[in-house]
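Reviewing the structure listed below.
Here the structure is a predicted model, which means the values were calculated and not measured.
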Protein chains: 2
Amino acid sequence: MYGVQMSLKYAVLGALLEGEASGYDLAKIFDVSVSNFWAATPQQLYRELERLAADGLVEARVVAQDRRPNKRMFTLSAAGRQDLAAFTAKEPRPTAARDELLVKVQALDVGDADAVRGHIAERMDWARGKLARYERVRIHLLGGLSEEDFLRDSDRIGPYLTLMRGMSFEEENLRWARRALEILDRRAANRTVQLP
Amino acid sequence: MYGVQMSLKYAVLGALLEGEASGYDLAKIFDVSVSNFWAATPQQLYRELERLAADGLVEARVVAQDRRPNKRMFTLSAAGRQDLAAFTAKEPRPTAARDELLVKVQALDVGDADAVRGHIAERMDWARGKLARYERVRIHLLGGLSEEDFLRDSDRIGPYLTLMRGMSFEEENLRWARRALEILDRRAANRTVQLP
DNA sequence: CGCACCTATTCAACGAATTGACTACAAGGT
DNA sequence: ACCTTGTAGTCAATTCGTTGAATAGGTGCG
């Protein structure tokens, strides 16, 4: 039935902990937060929801709307919740990184260093944008509480912890990129001096 | 011929900038450094090398060994080097994250919080090990020079920049994990006090 | 008035990735 | 003699991921 690469399944079940959602809703939720640690396209989500429904891990109902296409809303079933809980106890497999920018950085010395410089600068813009969106999500999660109170009293801190991770990841991205640009610029300056 | 997801191709070509290597060698190189930004299994590498050779981007020669199976050694061809250089100029696609640990952290509140705590602690051990190995690679890359001298004078800084990224990524991992454990432990302590 | 974008999903096709099993031989230890 | 680990790969099956396109009405903008 399922391969070993089944985290998408649990990423979806985990997202449904927030409440009932359509495939379209999930696509948006993934876009703003889940994609930070598990990216998925809408097609993947629709397919996965189909399977989860077939396996009884989610319950589906069709909601007719006027002025809009029908939508199917999904909720976590008791079996789904149990499956998700059991999943948390199993060893996670190590992270598999996939960053095309770094493939380009690796080859920078035989390639177009200026273009790569540009890519790094764009990555910084992207990271700043992501951080701003994360900060909004954070405010929303806290719901008026201080971080300390929230983390002590809330009965649902998982999403906050993963959000913290997303934020510090992007901050780290920025730090690295700043340093890399500094290094590239210093070298570019040296080159122009040494080649009259 | 090729899809749009072609970074593995360039990760391999980039790794061959270091010199001639067999599929087996590449698997080891990926394991210690490249996998930090582009993970690949040996099977993927063998398949990719086959294709690269067919396309004339690498040159292959069979080396007969006694007491060992034959091996095929690959070198970057002029065409391969050009292709790699052209690749660096193109827009990189955004990073796609895949971290199963964070899927578990997200669902921690309905799952086995102690087990997840354990997974985070293991991730810290892993990160510390990775950092130690990176530090050895760093010393090797510097070849006796100070970082400043190396970054100013070397004609190949790409690998150093990606290594920096790998190191700061793991350091960030550690910082996040420490904070997460702190939070989980504080909550666990509160629970035992409040449930007599 | 028209055009582009948003909601909401489905389908088809293809390419990429993952897993497990299998082949061989060598070196080193118990 | 046996077992494990390391070298150096290949093959087949299946799952996963990606892209493009089709459907179909609604909303906002100039």
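- Listed by first and then second residue, the ring-ring contact (aromatic ring centres under 6.0 Å, His included) pairs involving residues 94-126 of chain A amount to none (not counting sequence neighbours).
- Side-chain atoms of Arg47(B) and base atoms of dG9(D) include no donor and acceptor less than 3.5 Å apart.
- Checking dA21(D), dA8(D), dT7(C) against the side-chain heavy atoms of Gln43(A) singles out dA21(D) as nearest.
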Find every protein N or O atom lying less than 3.5 Å from an N or O atom of nucleotides 23-26 of chain C, and list the pairs.
residue	atom	partner	partner atom	Å
dA26(C)	O4'	Arg67(B)	O	3.4

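- One axis for each end of the helix from dC1(C)-dG30(D) to dT30(C)-dA1(D), each built from five base pairs, and the angle between them comes to 40° at 10° resolution.
- The salt bridge (charged side-chain N to carboxylate O under 4.0 Å, His left out) check on Arg152(B) picks up Asp149(B), with sequence neighbours excluded.
- Here Lys28(B) does not pair with Asp31(B) in a salt bridge; the nearest charged N to carboxylate O distance is not below 4.0 Å.
- Nearest nucleotide to the Tyr46(B) side chain, out of dT7(C), dA17(C), dA8(D): dA8(D).
- The side chain of Arg51(A) sits closest to dC16(D) out of dC16(D), dT19(D), dT9(C).
- The CD-C1' distance, from Gln65(B) to dG6(D), rounds to 13 Å in whole Å.
- Judged as a salt bridge (charged side-chain N to carboxylate O under 4.0 Å, His left out), and not counting sequence neighbours, the contacts of Asp185(A) are Arg117(A).
- What separates CG of Leu49(A) from C1' of dC11(C) is a distance of 17 Å, to the nearest Å.
- The nearest whole Å value for the distance from the CD atom in Glu50(A) to the P atom in dT9(C) is 11 Å.
- Take Arg72(A) and apply the salt bridge (charged side-chain N to carboxylate O under 4.0 Å, His left out) test, not counting sequence neighbours, and it matches Glu50(A).
- Remark: P of dT19(D) and CZ of Arg93(B) are 6 Å apart, rounded to the nearest angstrom.
- Sorted by first and then second residue, the ring-ring contact (aromatic ring centres under 6.0 Å, His included) pairs with a member in residues 41-86 of chain B form an empty list; sequence neighbours excluded.
- Counting only residues at least two apart or in different chains, ring-ring contact (aromatic ring centres under 6.0 Å, His included) contacts with residues 138-157 of chain A comprise Phe150(A)-Tyr160(A).
- Nucleotide dC16(D) holds its P atom 7 Å from the CD atom of Glu48(A), rounded to whole Å.
- Between the P atom of dC5(C) and the NZ atom of Lys28(A) lies a distance of 18 Å, rounded to the nearest Å.
- Under the 4.0 Å criterion applied to side-chain N and carboxylate O atoms, Arg128(B) and Glu170(B) are not assigned as salt-bridge partners.
- Taking atom NZ of Lys71(A) as the reference point, atom P of dG25(D) lies 18 Å away to the nearest angstrom.
- Side-chain atoms of Gln44(B) lie closest to dA17(C) of the nucleotides dA17(C), dT9(C), dT19(D).
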Would you be so kind as to tabulate the donor-acceptor pairs closer than 3.5 Å made by side chains of residues 84-92 of chain B, with sequence neighbours excluded?
residue	atom	partner	partner atom	Å
Thr88(B)	OG1	Asp112(A)	N	2.9
Thr88(B)	OG1	Ala85(B)	O	2.6

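- To the nearest 0.5 Å, the span separating OG on Ser168(B) from CZ on Arg175(B) amounts to 8.0 Å.
- One interatomic measurement links the two molecules: CG of Asn70(B) to P of dG9(D), which rounds to 9 Å at whole-angstrom precision.
- Within 4.0 Å of Arg72(B), counting heavy atoms only, lie sugar-phosphate atoms of the nucleic acid but no base atom.
- DNA chain C is contacted by both Asp25(A) and Thr41(B); Asp25(A) maps to the nucleotide lying nearer its 5′ end (nearest heavy atom per residue).
- In this structure Glu182(A) satisfies the side-chain contact (heavy atoms from CB on, under 4.5 Å) test together with Arg179(A), Arg186(A), sequence neighbours excluded.
- Near DNA chain C, meaning a heavy atom under 4.0 Å away, the residues from residues 10-24 of chain A are Ser22(A), Gly23(A), Tyr24(A).
- Every salt bridge (charged side-chain N to carboxylate O under 4.0 Å, His left out) that Asp83(A) has, sequence neighbours left out, goes to Lys9(A).
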